[in-house]
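Report on the following structure.
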Amino acid sequence: MISTTALRYFVEAVRCGSIRAASEILFVAPSAISRQIGLLEETLGAPLLERSRGRSTLRLTAAGELLMRYAKSVDSESRRLRSEIEAIQGLRRGHVNLGIPESLIRDFMPGFMARFTRRFPGFTFNVQVYNSPQLIEMLVDDRLDLCLTFGNVTHQDATIAYQRLLPLYVYVSADHPLHGRETLRLSDCAEHGLALPDATMWTKQQYDEMLAKAKIRPRLVLETNSYELLRNVSAEGMALSILTPPLQDTQHLAGRGRYVLLKDPRAKPQRFSLCVHRGRNLPLPVTTFTNELTAELEQLEPESAAAAVRPGR
DNA sequence: AGCACTTCTAACAGGAGGTC
DNA sequence: GACCTCCTGTTAGAAGTGCT
């Protein structure tokens, strides 16, 4: 019998590329994950991962590929089961108070909500757009049912329903000298103008530390509390900006520029989380919405999605 | 070569469930 | 309720690997 915990750990380790990274997502020690995967291998009688110490990433064996396929089918079946149970319960109406950061206004959320309301036409929404720390405050005050945030969630009354780590990218306009590069390092950006978040944004401190560690004093062209503006001034060629990739690999999100992976040891990936109020008994419609949202987010592969965003129109 | 990062193993702790 | 067993977690230390 395959343990669901072990299967969840295995999937997360594969998704993160390392047991260490998975342990941060799952909030358990790396040894616990290693042992669960070891027990899975013992149960199935075959190695699932090609491990190597150091900084190389985990690789799936043939048996591991089969198990990943099995895990996806289990996930798909459980969603189908949930859907059928919802149909039995007649769950087609409800209201959701949702909080999202500005960067999701055009990336992912509109498409997801449209798909969701096609399935659940009786649902209505109130969507509030704020910075991540403000969203958490609103969540724990019960002004929101759930919220999506970037950055570490440290509030003791907020609990994380889903999260993943997103690598950092540099947004480069079509006519910029760095436009053709496959990857960039922080030192590559040093001689170009940068547009960065201002002090009201939680990412400012992270970026400041990152640039300081790289011994780079950026030529700051613009500071703002708007990620949309950061992206748009970069698209116009005014400056480079450091951003997370779009969650959805739609061409139109690339605009006039492209996202180039920031491949630098000092560039730590950003945490992207779906949060709910700890201990709060959520209404069934909100739980349904949360489950659907989580399921869709889990289907997304942000790194490949970002790589797929090619130089645009 | 030294450091940082990672995985693995052993020892131990605590919770849940079963039995008396 | 007390005791036992099993499961799953943590911590500490060893050892391998990659980067500078």
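A, B, ... follow the sequence lines: proteins, then strands. Residue 1 opens every chain. From a predicted model like this one, the values you see are computed outputs, not experimental measurements.
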Item to check | Of A:K268 and A:R35, the one whose closest DNA chain B nucleotide lies more 5' | outcome: A:K268
Quick one: [X] [atom1] to [N] [atom2], roughly how many Å, whole number?
| X | N | atom1 | atom2 | value |
| --- | --- | --- | --- | --- |
| A:I33 | C:dT11 | CD1 | C1' | 15 Å |
| A:I19 | C:dG9 | CD1 | P | 13 Å |
| A:R8 | C:dC7 | CZ | C1' | 15 Å |

Item to check | Which nucleotide in C:dT10, B:dT9, C:dT20 has an atom nearest any side-chain atom of A:A32 | outcome: C:dT10
Checklist entry - Out of C:dT10, C:dG9, C:dT20, which nucleotide sits closest to the side chain of A:A29? => result C:dT10
Next on the checklist: Between C:dT11 and A:S31, counting only base atoms on the nucleotide and side-chain atoms on the residue, is there a donor-acceptor pair under 3.5 Å?
Outcome noted: yes
Checklist outcome for this item: Rounded to the nearest 0.5 angstrom, the CG-CZ distance for A:L104 and A:F108 is 8.0 Å
Next on the checklist: It should be established whether A:Q36 places a side-chain nitrogen or oxygen under 4.0 Å from OP1 or OP2 of nucleotide C:dC7.
Outcome noted: no
Next on the checklist: Students often mix this up, so state it plainly: with edges at 30° and 60°, are the rings of A:F272 and A:F150 parallel, tilted or perpendicular?
Outcome noted: tilted
Checklist outcome for this item: Smallest heavy-atom separation, A:R258 atom then A:H179 atom, equals NH1-O, 2.7 Å
Item to check | ILVMFWY cluster, A:I105 and A:L293 together (side-chain gap under 4.5 Å) | outcome: yes
